[in-house]
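Report on the structure given below.
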There are 2 protein chains.
Amino acid sequence: MTDDLMTIGQMCDKFDVTPRTLRFYEAKELIFPIREGQKRLFTKRDRARLKLILQGKRFGFSLEEIRQLLNLYDLGDQQTTQLTKTYELAQERLQVMEEQRDELNEAIDDLKEQLTWFETELSHRGVKLAAE
Amino acid sequence: MTDDLMTIGQMCDKFDVTPRTLRFYEAKELIFPIREGQKRLFTKRDRARLKLILQGKRFGFSLEEIRQLLNLYDLGDQQTTQLTKTYELAQERLQVMEEQRDELNEAIDDLKEQLTWFETELSHRGVKLAAE
DNA sequence: GTTATCCTTTACGTCAACGTAAGGTTTACG
DNA sequence: CGTAAACCTTACGTTGACGTAAAGGATAAC
């Protein structure tokens, strides 16, 4: 039975972040570890949120943007008004992400084309490339 | 015959950036506007590079990462060694971008699922959503 | 000629996202 | 008992990517 609760050190190992980062995220109300005396204990929920946080960061979202989106993934019994707002926000975010994906695909295609061009250029110069 | 050369103001209008940003990018050697007296004049090359810069930023790359990638898109007559390094760098970058795209697709799917869940939840509460 | 617009440089300010250092507490081991 | 490991808080520092303010030159319009 894995304990469900993890210390800050264990979290750092698991997610490859520093303690400072976790404390910082707590201060910014992105995660809510419980306390045993002074010490923080991170729940499954915290881990799920952290995973989403790190994911969001890789997509270039700010912590504040991420914080708002997180409400989407664990709604308690909030006001319906609040829910609706979150819903709309998530829709906008989805659209942004889809646009980003499309643009990313284009950029990937461009880059690939450029790489092919490069390869011929290099081979003209007699450079042998390592087979990938 | 559109002039090929643009002033900083025209650039700002075209790309929706501030003069400060363009001067900053020049200082960081991302673009190389020529000078007419004091004034900067931006070439087609600068515009191509700027476009890539802004694109890269949206994908979460740092200016320094972008700067290195830019060499890929306008190679002069550099050393072959340098070319090969650029090539390898670009391949790594391509891989990162593809991973990012895949991860993005997953995140999009997750988010969509969450949104569907949300819709049923909201409709249970008798909320009418605007048709998109 | 002066007023306005557009450009310039220099330099200090700012904001996000942490890093890092200093000093204090709790638990575990020899 | 001491000390080492892992945690804590407080607080100042840093880096990237610009913003913003001050002071001034060049040109066009009135």
Side-chain angles (χ1 to χ4, degrees), chain A residues 2-43 46-47 49-70 89 93 96 100, chain B residues 2-43 46-47 49-70 89 93 96 100:
Chain A
T2 152
D3 209 300
D4 190 37
L5 294 180
M6 291 177 62
T7 70
I8 203 170
Q10 295 171 326
M11 291 291 285
C12 292
D13 289 350
K14 188 171 164 74
F15 291 98
D16 193 31
V17 294
T18 69
R20 177 66 173 106
T21 299
L22 293 177
R23 297 192 190 110
F24 183 77
Y25 289 169
E26 184 191 15
K28 292 280 170 171
E29 301 190 290
L30 291 163
I31 51 183
F32 309 94
I34 56 178
R35 295 304 179 104
E36 185 192 47
Q38 283 266 69
K39 301 189 176 175
R40 291 169 177 82
L41 290 176
F42 297 80
T43 68
D46 290 318
R47 290 193 287 282
R49 293 174 72 94
L50 181 54
K51 189 177 166 188
L52 286 168
I53 293 166
L54 298 177
Q55 194 175 76
K57 284 203 59 184
R58 282 193 293 278
F59 303 152
F61 291 114
S62 75
L63 290 185
E64 177 51 28
E65 288 173 316
I66 292 170
R67 198 182 62 76
Q68 291 172 30
L69 250 193
L70 278 177
L89 203 150
R93 215 49 63 83
V96 171
Q100 194 167 340
Chain B
T2 151
D3 208 301
D4 189 37
L5 294 180
M6 292 176 61
T7 70
I8 202 168
Q10 294 171 325
M11 289 291 283
C12 291
D13 288 349
K14 185 171 167 70
F15 291 97
D16 193 31
V17 294
T18 68
R20 177 66 174 110
T21 299
L22 294 177
R23 297 192 188 110
F24 183 77
Y25 290 168
E26 184 190 16
K28 293 278 169 172
E29 301 190 288
L30 291 162
I31 50 182
F32 310 93
I34 57 179
R35 296 302 180 106
E36 185 190 50
Q38 283 269 68
K39 299 188 179 179
R40 290 168 178 82
L41 290 177
F42 296 81
T43 68
D46 291 317
R47 289 194 287 282
R49 293 174 72 93
L50 182 55
K51 189 177 166 188
L52 286 168
I53 294 167
L54 299 178
Q55 196 177 74
K57 285 204 56 183
R58 283 193 292 278
F59 302 153
F61 292 112
S62 75
L63 290 185
E64 178 52 28
E65 289 173 315
I66 292 169
R67 197 183 61 77
Q68 292 172 29
L69 250 192
L70 278 177
L89 203 151
R93 215 49 63 84
V96 171
Q100 194 168 341

Along DNA chain D (nearest heavy atom to each residue), the more 5'-positioned of A:Arg20 and A:Phe42: A:Phe42
Minimum-distance nucleotide to A:Phe24 side chain [options: D:dC7, D:dT20, C:dA17]: C:dA17
Out of D:dC18, D:dC8, C:dT8, whichever nucleotide has its closest atom nearest the side chain of A:Arg40: D:dC8
N/O (side chain, A:Thr21) to phosphate O (OP1/OP2, C:dA17) under 4.0 Å: no
Rounded distance (Å) that lies between atom P of C:dA16 and atom CD1 of A:Ile53: 17 Å
Whole angstrom value for the distance that separates C1' of D:dC8 from CD of A:Gln38: 5 Å
Nucleotide D:dA17, atom P - distance to CD of B:Glu29 in whole Å: 15 Å
Sugar-phosphate only, base, or nothing, as touched by A:Lys28 at under 4.0 Å among non-hydrogen atoms: nothing
Nucleotide C:dC18, atom P - distance to CD of A:Glu64 in whole Å: 14 Å
Derivation and outcome, salt bridge (Lys or Arg N to Asp or Glu O under 4.0 Å), residues B:Glu26 and B:Arg40: CA-CA 10 Å; B:Glu26 184 190 16; B:Arg40 290 168 178 82; 2.5 Å; yes
Any donor-acceptor pair under 3.5 Å from B:Gln68 side chain to B:Leu89 backbone: no
Given C:dT8, C:dA17, D:dC7, the nucleotide with the shortest approach to the side chain of A:Lys57: C:dA17
Whole-Å distance separating the CD atom of B:Glu26 from the P atom of D:dA17: 17 Å
Options D:dC7, C:dC18, D:dC18, nucleotide nearest the side-chain atoms of A:Tyr25: C:dC18
Whole angstrom value for the distance that separates P of C:dC6 from CG of B:Asp13: 10 Å
Atom-to-atom span, CG of B:Asp16 to C1' of D:dC18 - whole angstrom: 15 Å
Trace of the salt bridge (Lys or Arg N to Asp or Glu O under 4.0 Å) decision for A:Glu64 with A:Lys57: CA-CA 11 Å; A:Glu64 177 51 28; A:Lys57 284 203 59 184; over 6 Å; no
Distance below 4.0 Å between A:Thr7 side-chain N/O and D:dA6 OP1 or OP2: no
Presence of B:Thr18 side-chain N/O under 4.0 Å of D:dG19 phosphate oxygens OP1/OP2: yes
Donor-acceptor pair (no angle test) under 3.5 Å: A:Arg23 side chain, D:dT9 base: no
Value in whole Å for how far the P atom of C:dA17 lies from CZ of A:Arg58: 16 Å
Side chain proximity check, B:Gln55 to B:Phe61, heavy atoms < 4.5 angstrom: no
A:Phe42 and A:Leu5, any side-chain heavy atoms less than 4.5 Å apart: no
Closest listed nucleotide, where the reference is the side chain of A:Leu63 and the choices are D:dC8, C:dA17, C:dT8: C:dA17
